A.B. asks: 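Let me give you the structure first, and then I'll get to my questions.
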Amino acid sequence: MIPLRSPWSYRFWLAQSIKSMLELMGFQVVGFGPVGAPFDIKFSVVRWMERNNFVKIVVLRVKGIYTSEEEYMRNAEEYDKRKFYYEIDPEEIIKMSEKNDSIGKEYLLVVLPRYYENTFDPLAVVFSAFASPKNLLSKLDHDKKWYNYEEVLRGFKYYTFSAFIKALYRCKLGLTREKLLELASEYGYNSLNYPVLATILRKLADIGTEKLMGILIIFNFTKRKAVFMAIAG
């Protein structure tokens with residue numbers, strides 16, 4: 001299979017699109033550095049924890065769209081979506097689901113883009129499905145890694161961006177400030193500082209797979225601020 005475009009471009013445009021949407025909601029957004037990089041001092045996540053702010057954390061693992069070599073070489077103005085595929089490792093999705101279960105909250109999500117045209121990049125969040133790993137498992141086969149675009153999305157309940165934000169706000173998704181502090185204690189830390197926070201965030205993003213292409217986002221609904229971090233490997 002051949003990528004219709006660089007899979008990494010989806011991650012970039014998804015981040016930019018989420019940033020634009022959050023700014024429309026009155027959020028101030030900073031990023032886009034790697035997990036563990038120093039935070040902007042005006043966005044002290046440690047201080048958010050200390051001041052009892054309403055904080056939510058999610059990790060989005062972004063997939064790309066692929067097609068057959070024959071379809072790609074047609075070089076047509078419009079590709080046949082019936083020949084679109086996602087590369088999905090069932091073991092990765094199982095590990096994501098297990099990690100969510102072990103933490104006690106669904107914060108690891110899979111993002112499946114539903115477009116390939118550059119025209120729609122600024123609206124990437126509108127044309128993407130935010131999927132629960134546990135729900136996605138029902139679509140997967142242990143012997144396959146390529147999944148037809150239409151077959152995966154048809155009859156599958158996923159979050160639109162608006163539903164995703166509502167679920168975060170209503171505490172149906174994402175890790176809370178309290179959970180982050182609880183994890184710090186479980187990992188043997190008595191206080192929260194930048195190195196400790198960076199270590200915890202890396203642990204949250206890691207599911208033990210080599211292919212990494214994702215975004216970690218920390219939302220502060222109290223202060224209407226958000227921090228974006230890249231997950232790469």
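Not measured: the values here are computed from a predicted model.
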A.B. asks: Is the shortest heavy-atom distance from the side chain of Thr199 to the side chain of Val196 under 4.5 Å?
C.D. replies: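 Answer no - side chains too far apart.
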
A.B. asks: Would you indicate whether Asn190, at its atom CG, is surrounded by more than 12 heavy atoms from other residues, nucleotides or ligands within a distance under 6.0 Å?
C.D. replies: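 No, because the 6.0 Å sphere around CG of Asn190 holds 12 heavy atoms or fewer from other groups.
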
A.B. asks: I'd like to know if the side chain of Ser9 and the backbone of Ser6 have a donor-acceptor N/O pair within less than 3.5 Å.
C.D. replies: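 Here the side-chain-to-backbone pair exists.
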
A.B. asks: Grab the two heavy atoms, one from Ala124 and one from Ser17, that are nearest each other, plus how far apart they are.
C.D. replies: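 For Ala124 and Ser17, the tightest heavy-atom pair comes out as N-OG, 3.2 Å.
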
A.B. asks: Search all heavy atoms of Ala205 against all heavy atoms of Arg61 and return the closest pair with its distance.
C.D. replies: O-NH1, 3.6 Å

A.B. asks: Does the side chain of Val110 reach to within under 4.5 Å of the side chain of Ile88, using non-hydrogen atoms?
C.D. replies: no

A.B. asks: Please check: side-chain N/O of Tyr10 versus main-chain N/O of Ile65, any donor-acceptor pairing under 3.5 Å?
C.D. replies: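 Here the side-chain-to-backbone pair does not exist.
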
A.B. asks: Working note: Leu201 + Ile218, criterion side-chain contact (heavy atoms from CB on, under 4.5 Å); need CA distance, chi angles, decisive distance, verdict.
C.D. replies: CA-CA 10 Å; Leu201 294 179; Ile218 304 177; 4.1 Å; yes

A.B. asks: Is there a donor-acceptor pair under 3.5 Å between the side chain of Lys225 and the backbone N or O of Val30?
C.D. replies: no

A.B. asks: Return yes if some donor-acceptor pair links the side-chain N/O of Arg114 with the main-chain N/O of Val126 below 3.5 Å, else return no.
C.D. replies: yes

A.B. asks: Checking the side chain of Asn148 only, and the main-chain atoms of Arg82 only, is there a donor and an acceptor separated by less than 3.5 Å?
C.D. replies: yes

A.B. asks: Using modelled atom types and a 3.5 Å cut-off, is there a donor and acceptor pairing between side-chain atoms of Thr222 and backbone atoms of Asn53?
C.D. replies: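 Answer holds: no.
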
A.B. asks: Drop me the distance from Leu123's CG to Leu14's CG, to the nearest 0.5 angstrom.
C.D. replies: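 Result: 12.0 Å between the selected atoms.
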
A.B. asks: Of the options Tyr72, Tyr86, Trp146, Phe84, which is the one that meets Tyr66 in a side-chain contact (heavy atoms from CB on, under 4.5 Å)?
C.D. replies: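 The option that passes is Trp146.
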
A.B. asks: How close do Pro90 and His142 get, heavy atom to heavy atom, and via which atoms?
C.D. replies: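 Reported closest heavy-atom pair: CG-CA, 4.1 Å.
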
A.B. asks: Taking atom OH of Tyr85 and atom CD of Glu71, what is their separation to the nearest 0.5 Å?
C.D. replies: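 Reported value, rounded in 0.5 Å steps: 10.0 Å.
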
A.B. asks: Please check: side-chain N/O of Ser128 versus main-chain N/O of Val111, any donor-acceptor pairing under 3.5 Å?
C.D. replies: no

A.B. asks: For Glu92, run the salt bridge (charged side-chain N to carboxylate O under 4.0 Å, His left out) check against Lys99, Lys63, Lys145 and tell me which one passes.
C.D. replies: Lys63

A.B. asks: Can you find a pair of side-chain heavy atoms, one from Leu192 and one from Ile200, that are under 4.5 Å apart?
C.D. replies: yes

A.B. asks: To the nearest 0.5 Å, tell me how far Asp80 CG sits from Glu70 CD.
C.D. replies: 10.5 Å

A.B. asks: Under the criterion side-chain contact (heavy atoms from CB on, under 4.5 Å), I'd like the reasoning laid out for Leu168 against Phe221: C-alpha separation, chi angles, the key distance, then a yes or no.
C.D. replies: CA-CA 10 Å; Leu168 276 177; Phe221 285 95; 4.2 Å; yes

A.B. asks: For Phe228 and Lys19, which heavy atoms make the closest approach, and how far apart are they?
C.D. replies: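 Phe228 and Lys19 have their closest heavy atoms at CZ-N, 4.0 Å.
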
A.B. asks: Where is the tightest heavy-atom contact between Gly64 and Pro7, given as atom of each residue plus distance?
C.D. replies: CA-CB, 4.2 Å

A.B. asks: Apply side-chain contact (heavy atoms from CB on, under 4.5 Å) to the pair Ile57 and Phe219, showing each step before the final yes or no.
C.D. replies: CA-CA 6 Å; Ile57 299 173; Phe219 298 85; over 6 Å; no

A.B. asks: Taking the side chain as C-beta and beyond, is there a heavy-atom pair between Ile165 and Arg170 under 4.5 Å?
C.D. replies: no

A.B. asks: Under 4.5 Å between any side-chain heavy atoms of Val59 and Leu109, yes or no?
C.D. replies: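 No, side chains not in contact.
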
A.B. asks: Any heavy-atom pair between the side chains of Ile94 and Glu91 that's under 4.5 Å?
C.D. replies: yes

A.B. asks: Would you indicate whether the side-chain heavy atoms of Leu204 and Leu108 approach each other to under 4.5 Å?
C.D. replies: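 They are not in contact (no side-chain heavy atoms under 4.5 Å apart), so the answer is no.
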
A.B. asks: More than 12 heavy atoms of other residues, nucleotides or ligands under 6.0 Å from CD of Glu186: yes or no?
C.D. replies: yes

A.B. asks: Under the salt bridge (charged side-chain N to carboxylate O under 4.0 Å, His left out) rule, what pairs show up with a residue in residues 128-144, not counting sequence neighbours?
C.D. replies: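 Those involving residues 128-144 are Asp101-Lys134.
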
A.B. asks: State whether the side chain of Arg177 and the backbone N or O of Met49 hold a donor-acceptor pair below 3.5 Å, judged by distance alone.
C.D. replies: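 Judged by distance alone, yes, a pair lies under 3.5 Å.
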
A.B. asks: Can you name the nearest heavy-atom pair linking Asn220 to Phe27, along with the distance?
C.D. replies: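 Reported closest heavy-atom pair: O-CE2, 3.6 Å.
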
A.B. asks: Go through the steps to decide whether Lys56 and Leu175 satisfy the test side-chain contact (heavy atoms from CB on, under 4.5 Å), and finish with yes or no.
C.D. replies: CA-CA 5 Å; Lys56 300 301 292 288; Leu175 301 183; over 6 Å; no

A.B. asks: Kindly indicate whether the side chain of Tyr158, heavy atoms from C-beta on, has any atom under 4.5 Å from the side chain of Phe130.
C.D. replies: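 They are not in contact (no side-chain heavy atoms under 4.5 Å apart), so the answer is no.
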
A.B. asks: Tell me whether the count of non-hydrogen atoms from other residues, nucleotides or ligands lying under 6.0 Å of OH in Tyr169 goes above 12.
C.D. replies: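 No, not enclosed.
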
